[in-house]
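Report on the following structure.
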Protein chains: 2
Amino acid sequence: MKRSSRLSLALHALVHLHKQPGEAITSSTLAQCLMTNPVVVRRVLGTLREAGIVAASKGHDGGWRLLRPAGEISLRQVYAAMGESLLIRTESDPGDIACGIVRTVNAVMGDFIADAEALLAARLERVSLDDIAREATPNPLHPNHHGAHSHG
Amino acid sequence: MKRSSRLSLALHALVHLHKQPGEAITSSTLAQCLMTNPVVVRRVLGTLREAGIVAASKGHDGGWRLLRPAGEISLRQVYAAMGESLLIRTESDPGDIACGIVRTVNAVMGDFIADAEALLAARLERVSLDDIAREATPNPLHPNHHGAHSHG
DNA sequence: TTTCATGTAACTTTTATTGTTACATTGCTC
DNA sequence: GAGCAATGTAACAATAAAAGTTACATGAAA
């Protein structure tokens, strides 16, 4: 797989778990769906486990499952759990700071980013895993149904 | 320099140009200020030149200069010129798309990102290069003056 | 006790970005 | 026009971050 992000991998895995409510799914099975390998799945879901979103069981019939109903899992929670910023890092190395302008640019952009971060988090809070799952199934036809949702 | 972004490099360079209104500044001189090397400066400012924000002149006393007053250069323009997204890329490789959920996740996140992108751009429009420059000079003392600005 | 799963560490591969070297081009000055 | 001083750009090397891989310890169930 080329250059995905842990966040989308996580969402993808979670939707799968949601669609298989009864039984646990193994890392290997998920890895096939996500077109990656089991260790990467464990890495990603491992952080979600620490956040109390999923649980893993070992041994026979072990695997991953959701700890809460999908409607109660917001994208913000997932995003926060991943510890990944939605925004790029714009700060340059302060280094020896010869001219001071670097610091100002860093500070201004840093403020802006922090501000934006909060704004985006608030929007992600309004989308639940279930929202994505519902969008994922309806009818495999009509792939042009995307766009125009309610995150505005 | 470790892992900065072209955007902050660009802003830093622009502030320098703004503070030297009369004369052109060479890539080498800027490179020293930005703690990088001349070619990188040319690469970054080159894209700003294509956007009509700066101009370069060759030969004796050549170098870079602003084409417009700093008050009329918004961060959005700079940001748009760099063609760099403020947001991380969350899409995973559609690949062969075995399960269709990938596409949905990509679509939902894509929508969200596009939406957020527009929102951030609107905010960047309200900050001008001059705003940063004014912030950069006042008094070198009080470095703890950052934070709490007006991009909200 | 065997089997199947996670948990994790260590390492390799891949990809993006930045840094560097080299050289052509253009404009200014003498 | 000669020569210098700058940009413009291509090609390549170095670096860093992310993902992929291998290997093995641990724990749970049949």
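Reminder, nothing fancy here: chain letters follow the sequence lines and each chain counts from 1. Values in this document were obtained by computation on a predicted structure and should not be read as measured data.
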Q) Of A:Ser57 and B:Ser57, whose closest DNA chain D nucleotide lies nearer the 5' terminus? A) B:Ser57

**Q.** B:Arg126 with B:Asp131: basic N within carboxylate O range, under 4.0 Å
**A.** no

Q: Mind calculating the distance between CZ (B:Arg65) and P (D:dT7) to the nearest angstrom?
A: 12 Å

Q. Can you tell me how far CD of B:Glu84 sits from OG1 of B:Thr47, rounded to the nearest 0.5 angstrom?
A. 9.5 Å

**Q.** Value in whole Å for how far the C1' atom of C:dT6 lies from CG of A:Leu48
**A.** 15 Å

Q. Base, sugar-phosphate, or nothing for B:Gly63, non-hydrogen atoms under 4.0 angstrom?
A. sugar-phosphate

Q) What nucleotide, of C:dT21, D:dA11, D:dT21, holds the atom closest to the side chain of B:Val39? A) C:dT21

Q) Expressed in angstrom and rounded to an integer, what is the separation of A:Met82 atom CE from D:dA18 atom P? A) 12 Å

(Q) If you only use heavy atoms from C-beta on, which nucleotide in C:dT18, C:dA10, D:dG8 is closest to the side chain of B:Arg6? (A) C:dT18

Q) Got a second to check how far A:Leu45's CG is from A:Leu14's CG, nearest 0.5 Å? A) 6.5 Å

(Q) If I take atom CG in residue A:Asn37 and atom P in nucleotide C:dT6, what distance separates them, rounded to the nearest angstrom? (A) 12 Å

(Q) If you compare every side-chain N and O of B:Thr36 against the phosphate oxygens of C:dT18 (OP1, OP2), does one of them come in below 4.0 Å? (A) no

Q. In whole angstrom, what separates A:Leu34's CG from D:dA18's P?
A. 19 Å

(Q) Whole angstroms only, please: what is the CG-P distance between A:Asp61 and D:dA28? (A) 15 Å

Q: Nearest-nucleotide wise, let me know which of A:Trp64 and B:Glu84 is further upstream toward the 5' end of DNA chain C.
A: A:Trp64

Q: Report the nucleotide, chosen from D:dT26, D:dA6, D:dG20, that has the shortest atom-to-atom distance to any side-chain atom of A:Lys58.
A: D:dT26

Q.
Distance check needed: D:dC12 P versus B:Arg43 CZ, whole Å only.
A. 14 Å

(Q) What contact category does A:Ser28 fall into here, base, sugar-phosphate, or nothing, at under 4.0 angstrom with non-hydrogen atoms? (A) nothing

Q: Would you tell me if any nitrogen or oxygen in the side chain of B:Thr26 comes within less than 4.0 Å of OP1 or OP2 on D:dA6?
A: no

(Q) The side chain of B:His60 is closest to which nucleotide in this list: C:dT29, D:dA19, C:dC4? (A) C:dT29

Q: Report yes if the side chains of A:Asn37 and A:Val40 come closer than 4.5 Å at any heavy-atom pair, otherwise no.
A: yes

Q.
Looking at the base of C:dG7, is there any donor atom on it, or on the side chain of A:Arg49, that sits under 3.5 Å from an acceptor on the other one?
A. no

Q.
Rounded to the nearest 0.5 Å, what separates atom CG in B:Leu86 from atom CG in A:Leu120?
A. 9.5 Å

Q.
Is there a side-chain contact between B:Arg42 and the phosphate of D:dG8, meaning an N or O under 4.0 Å from OP1 or OP2?
A. no

